[in-house]
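The structure under discussion appears below in the form of structure tokens.
Every chain is numbered from 1, with letters handed out A, B, ... down the list of sequences. Treat the numbers as computed from the prediction; the structure is a model and nothing was measured.
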There are 2 protein chains.
Amino acid sequence: MPPIIELETIRRTQILEAALQTISAQGCANVTLDDICRASGLSKGGLTYYYKSKRELFLAAFTEFFERIFARGKETMDRFDDPLEKLLSFDWLYNPEDPDGFIGYPVLFDFMSIAVHDEEYRKIFHDWVDNWVVLLKEAIVLGVNRGMFHEMDCESAARGISAIYQGIATRWFLAPGMHSRLWALDTLENAVKGLLFSSDREAGR
Amino acid sequence: MPPIIELETIRRTQILEAALQTISAQGCANVTLDDICRASGLSKGGLTYYYKSKRELFLAAFTEFFERIFARGKETMDRFDDPLEKLLSFDWLYNPEDPDGFIGYPVLFDFMSIAVHDEEYRKIFHDWVDNWVVLLKEAIVLGVNRGMFHEMDCESAARGISAIYQGIATRWFLAPGMHSRLWALDTLENAVKGLLFSSDREAGR
DNA sequence: GGGTACCGACTGGTCGGTCGGTTGTTCGAC
DNA sequence: GTCGAACAACCGACCGACCAGTCGGTACCC
């Protein structure tokens, strides 16, 4: 009788989880394979059995990370019906109590600094951004169709909102003493409204 | 007769320049002292003579970097009289031809990913952000005094504008194919106007 | 007995830091 | 005026720590 869940699946998620935790806590540059072995409860040989190289493991870990964050975002967004509320539903990003979100920042920063010099990493980043854009764009189109927002280049606006989220998040996370959760939410709302309700905005990019 | 410029000053800037170029091109994690030696034209011994450790050298390089960028921003901003124009004067950030700005992105990304796990780095980041905030806040206060913007918490708004700049810049740099210069400028303008002209914005944070 | 899953000692390469040495310059003693 | 001591500026071979990847083994199952 085969096991209900593939052992391989268990091990791989176990390893990726350990990798993400370790990367988040120590930063990519300071993570050794031995660290991940310790965190995952496997030996070096065991690790190598599932991931042939450090690079392969890291790429898998980051991919897993982006999938998780995106799933979380989509899930939260789907809870709202109002387009504007959908677009502002990512306040869990600015919640230090939130385990998913908070652990993610160090991972994201590490990822981006690597992506600068690495084509394959950059590709993952692009895909991730594109996923967000599709999601946000749907909400914007919905708002336009309902007459809440005026006509606009919805994709550009979606990219803008996504970028603004990240900019605010960066400050909020790296300098929390000076940037409160309230500041983050307030700034986000006004900036997003600036994109959606600006009177002189044209449809062209 | 002593030399007109201190030799030490020449060497130190020579080394820091080499370090920044190398970091920008290869990424912190891939930079060795030998790389910087090669780039600066000094030997390992010569390097060590001026900077006792890799960490000390890197901290000095990053500090130098932040000073340069800030000086550049201030200089550009001072050219304008109109407060709104001042606040939108950083379009050189979104110019791939600009040597200062463009080389800076990889450096900034590297810096932030280290700052996550390093108190001393984080301190430098905080100071840098604070400098920007002071600068932007002055322009906002000016606008409020002239009656162009309504009353608001000028510091919060300054922090918001600064964060938005960075968010847009991040996307523009890391995924240039999907985020044109025009998109960056357009998004920036609307988001900033959202902060400055929002009707329901209160003075409290 | 062959295959899957895993172990952990070992190795080879890399890199930050060290250190003995060299060159050139200044300056006081004679 | 010159000798040499002291020092600043710099060189580059070397060392030792660290670490990714390897590989011969083991245990268990079919």
Side-chain angles (χ1 to χ4, degrees), chain A residues 1-62 110-111 113-114 117-118 120-121, chain B residues 1-62 110-111 113-114 117-118 120-121:
Chain A
M1 171 174 86
I4 297 166
I5 310 177
E6 288 281 340
L7 177 61
E8 181 169 343
T9 308
I10 296 178
R11 286 282 180 271
R12 291 195 110 101
T13 52
Q14 177 181 350
I15 292 170
L16 295 184
E17 178 62 30
L20 286 175
Q21 291 287 341
T22 314
I23 290 173
S24 177
Q26 300 173 218
C28 252
N30 310 313
V31 171
T32 67
L33 287 185
D34 283 322
D35 289 331
I36 299 177
C37 291
R38 229 167 291 133
S40 67
L42 284 174
S43 72
K44 207 148 187 194
L47 247 193
T48 307
Y49 184 78
Y50 291 101
Y51 294 99
K52 297 309 165 209
S53 70
K54 194 181 187 184
R55 179 179 173 82
E56 186 185 328
L57 168 57
F58 272 38
L59 278 168
F62 281 121
D110 262 336
F111 182 87
S113 75
I114 300 173
H117 307 283
D118 190 306
E120 206 167 347
Y121 275 64
Chain B
M1 171 173 86
I4 297 168
I5 309 178
E6 289 281 340
L7 177 60
E8 181 168 342
T9 308
I10 296 178
R11 285 284 179 273
R12 290 194 111 103
T13 51
Q14 176 182 349
I15 292 170
L16 295 184
E17 178 62 30
L20 286 176
Q21 291 286 341
T22 314
I23 290 173
S24 178
Q26 300 174 216
C28 252
N30 310 313
V31 171
T32 68
L33 288 185
D34 282 323
D35 289 333
I36 300 177
C37 292
R38 228 167 292 131
S40 68
L42 284 174
S43 72
K44 209 152 187 189
L47 247 194
T48 307
Y49 184 78
Y50 290 101
Y51 294 99
K52 296 309 163 208
S53 69
K54 193 182 186 183
R55 180 180 172 83
E56 186 185 329
L57 167 58
F58 272 38
L59 278 169
F62 281 121
D110 263 335
F111 182 87
S113 76
I114 300 174
H117 307 282
D118 191 307
E120 206 167 345
Y121 275 63

Separation of atom [atom1] in [X] from atom [atom2] in [N], rounded to whole Å:
X	N	atom1	atom2	value
B/Leu57	C/dC15	CG	P	16 Å
A/Leu42	D/dG21	CG	P	17 Å
A/Leu47	D/dC19	CG	P	15 Å
A/Ile15	C/dA5	CD1	P	12 Å
A/Asn30	C/dG16	CG	P	14 Å
B/Arg12	D/dA9	CZ	C1'	13 Å
B/Tyr50	C/dG17	OH	P	19 Å
B/Tyr49	C/dT22	OH	P	19 Å

If only side-chain N and O atoms of A/Arg55 are considered, is one of them under 4.0 Å from the OP1 or OP2 phosphate oxygen of D/dG21?
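So the side chain of A/Arg55 is outside the cut-off, no N or O lying under 4.0 Å from OP1 or OP2 of D/dG21.
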
Heavy atoms only, 4.0 Å cut-off, all strands: where does B/Ser53 land among base, sugar-phosphate and nothing?
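Touches sugar-phosphate only.
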
Nearest nucleotide by nearest heavy atom, which residue falls closer to the 5' end of DNA chain D, A/Asp34 or A/Gly45?
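Here A/Asp34 is the residue nearer the 5' end.
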
Which one, [options], comes nearest to the side chain of [X]?
X	options	result
B/Ser43	D/dG12, C/dG17, C/dC7	D/dG12
B/Arg11	C/dC6, D/dC10, C/dG17	D/dC10
A/Leu7	C/dC6, D/dT22, D/dA20	C/dC6
B/Lys44	D/dC10, C/dG16, D/dC19	C/dG16

Looking only at atom types and distance, does a side-chain atom of [X] sit under 3.5 Å from a main-chain N or O of [Y], one as donor and one as acceptor?
X	Y	result
A/Asn30	A/Gln26	yes
A/Ser24	A/Gln21	no
A/Glu56	A/Tyr51	no
A/Thr13	A/Thr9	yes

I want to check something: taking the side chain as every heavy atom from C-beta on, are B/Ile23 and B/Phe111 in contact at a cut-off of under 4.5 Å?
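Not in contact.
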
